[in-house]
Amino acid sequence: MLSNRLQDALNQQINAELWSAYLYLSMGMHFEAEGLSGIANWFKIQFKEEQDHANIFMNYINQRGGRVELKAIDAVDTSWESPLAAFEATLAHEQKVTAMINNLYALAEEEHDYATRDRLNWFVTEQVEEEDNARTLIDKFKMIQGNGMGLYMLNQELGARVYNAPSVLSEE
Ligand code: MG
């Protein structure tokens with residue numbers, strides 16, 4: 001059985017993942033409106049992945065006989081000065097999510113809930129990838145600043161990203 005403290009913290013994390021989904025959907029819509037449909041594609045896939053993260057936590061709470069409590073999702077920004085600004089905001093946000101996952105991990109250990117700690121391992125690895133992806137794109141957008149051809153090519157590159165459901169979802 002999940003402790004109340006851990007269940008509350010997991011429900012808070014579901015809200016944070018859904019807020020992330022909302023943030024990236026907003027970025028996707030912004031870049032779609034700006035005519036950068038490749039960058040929009042990248043963020044729309046990010047939107048799906050964040051919903052997957054929320055789903056993994058929701059499935060997990062249910063598997064443990066707990067209760068999922070969905071809370072209000074705060075509003076998100078609706079425009080960004082440039083693709084670089086959006087990816088910098090993405091990195092800053094993912095660093096906050098990493099800190100939240102680390103706090104959850106510490107709480108699971110404190111509560112001697114090793115099943116939760118085990119599930120969180122997937123997220124620990126995922127956050128390394130999330131931060132690395134954002135950092136790599138920040139470097140690329142810095143490299144091409146003010147260069148129209150560079151922006152055209154990066155927009156094409158991000159347009160090629162395809163969505164893959166995480167394997168952990170098909171296990172359940
Ligand atoms: Mg996430």
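Not measured: the values here are computed from a predicted model. Counting starts at 1 for both ligands and their atoms, following the listed order.
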Engineer: In this structure, would Leu10 and Met100 fall into the same cluster of hydrophobic residues linked by side-chain contacts under 4.5 Å?
Structural biologist: no
Engineer: Using 0.5 Å steps for rounding, measure from the CD atom of Gln145 to the CG atom of Asn147.
Structural biologist: 10.5 Å
Engineer: Would you check if there is a donor-acceptor pair between the side chains of Gln13 and Glu17 at a distance under 3.5 Å?
Structural biologist: yes
Engineer: To the nearest 0.5 Å, what is the distance between CD (Glu130) and CD (Gln95)?
Structural biologist: 12.0 Å
Engineer: Apply the ring-ring contact (aromatic ring centres under 6.0 Å, His included) test between His30 and each candidate in Phe43, Trp80, Tyr24; give the one that qualifies.
Structural biologist: Trp80
Engineer: Report the protein N/O/S neighbours of the Mg ion (ligand 1) that fall below 2.8 Å; do not count waters.
Structural biologist: Glu17 OE1, Glu50 OE1, His53 ND1
Engineer: Quick one: do the Gln46 and Arg161 side chains pair a donor with an acceptor below 3.5 Å?
Structural biologist: yes
